[in-house]
Amino acid sequence: MGDGAWRRAGVEVLPGGEPAPVPCVEGEVSGGVYVRYADPRLVEALNGCWHRLAVAEGLFGEDGAFLLMAPGGEGRWRRVRLLEGWDVMGAGAETFLGLGAGRPGFTALALDGSVAVVAASYRAGAGVHAVRRPGGVTGRRRAG
């Protein structure tokens with residue numbers, strides 16, 4: 001997938017960020033939100049909730065960088081940062097981060113592997129939750 005799809009989502013691809021598998025450890029789910037597809041502000045609500053949870057849980061590095069794995073990404077993490085006007089739940093989910101606008105399916109991981117923020121689609125709505133100490137669940141390592 002070219003950088004054009006990433007930019008439409010408001011995400012800049014940066015060098016580095018290819019984690020190697022590590023032994024699985026149990027993570028702790030922390031926070032989360034579920035928004036029904038019928039909500040007229042679905043995309044706006046999901047974007048806002050995702051960002052608030054990501055900030056609260058420490059997803060973003062000093063330069064705003066984090067790791068992102070798209071569905072069908074062949075298990076490949078990309079080191080990225082958000083651009084002005086980002087829209088991971090709308091344009092991102094529409095192009096490659098899910099099944100369509102408001103139907104996400106991706107995982108974001110802090111560079112130090114301390115937290116993952118997962119966006120998923122379900123039968124009647126979509127949700128976002130954080131997993132502290134995700135370990136082998138995400139196949140993480142410290143990214144350079």
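When a residue number appears, it is its place in the shown sequence, counting from 1. Excluded from the calculations below are hydrogen atoms, water molecules and symmetry mates; all remaining heavy atoms, backbone and side chain alike, are included.
Alongside Tyr122, the hydrophobic cluster contains Tyr34 (criterion: ILVMFWY side chains under 4.5 Å).
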- Decide ring pair (Phe, Tyr, Trp, His ring centres under 6.0 Å) for Trp86 and Trp50; before the verdict, give the C-alpha distance in whole Å, the side-chain angles of both, and the deciding distance to 0.1 Å. CA-CA 12 Å; Trp86 60 270; Trp50 179 83; 5.7 Å; yes

- Task: Take Val117 and Val128 through the side-chain contact (heavy atoms from CB on, under 4.5 Å) test and state the conclusion after the steps.
- Result: CA-CA 7 Å; Val117 179; Val128 178; 3.7 Å; yes

What side-chain donor-acceptor pairs closer than 3.5 Å can you find for residues 94-104, not counting sequence neighbours?
| unit_1 | atom_1 | unit_2 | atom_2 | d |
| --- | --- | --- | --- | --- |
| Glu94 | OE1 | Ala101 | N | 3.1 |
| Thr95 | OG1 | Ala91 | O | 2.9 |
| Thr95 | OG1 | Gly92 | O | 3.3 |

Sequence neighbours excluded and cut-off under 3.5 Å, please list the side-chain donor-acceptor pairs for residues 56-63, or say none.
| unit_1 | atom_1 | unit_2 | atom_2 | d |
| --- | --- | --- | --- | --- |
| Glu57 | OE1 | Arg132 | NE | 2.8 |
| Glu57 | OE1 | Arg132 | NH2 | 3.3 |
| Glu57 | OE2 | Ser30 | OG | 2.8 |
| Glu57 | OE2 | Arg132 | NH2 | 3.3 |
| Asp63 | OD1 | Ala65 | N | 3.0 |

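Under the 4.5 Å side-chain criterion, counting only non-hydrogen atoms from C-beta, Asp87 is in contact with Val43. The closest side-chain heavy-atom distance from Leu83 to Arg7 is below 4.5 Å. Side-chain atoms of Leu67 and Arg78, non-hydrogen and from C-beta on, never get closer than 4.5 Å to each other. The closest side-chain heavy-atom distance from Leu68 to Trp77 is not below 4.5 Å. Between Val11 and Val88 the shortest side-chain heavy-atom distance falls below 4.5 Å. Using a 4.5 Å heavy-atom cutoff, the side chains of Arg41 and Val35 are not in contact.
Not a single donor-acceptor pair under 3.5 Å links the side chain of Tyr37 to the backbone N or O of Ala124. A donor-acceptor contact shorter than 3.5 Å links the side chain of Asn47 to the backbone of Met89.
Each of Leu14, Val80, Leu109 was scored for a side-chain contact (heavy atoms from CB on, under 4.5 Å) with Phe66, with one residue passing: Val80.
Here the closest heavy-atom approach between residue Thr107 and residue Ala116 is recorded as CG2-CB, 4.2 Å. Of all heavy-atom pairs spanning Ala130 and Val115, the tightest one is CB-CG2, 4.1 Å. When all heavy atoms of Val33 and Cys49 are compared, the closest pair comes out as CG1-CB, 3.4 Å.
Put simply, CG on Leu111 and CZ on Arg79 are 5.5 Å apart, with the number rounded to the nearest 0.5 Å. Atom CG of residue Leu46 and atom NE2 of residue His51 lie 14.5 Å apart, to the nearest 0.5 angstrom. For the atom pair Arg123 CZ and Arg36 CZ, the distance stands at 10.5 Å (nearest 0.5 Å).
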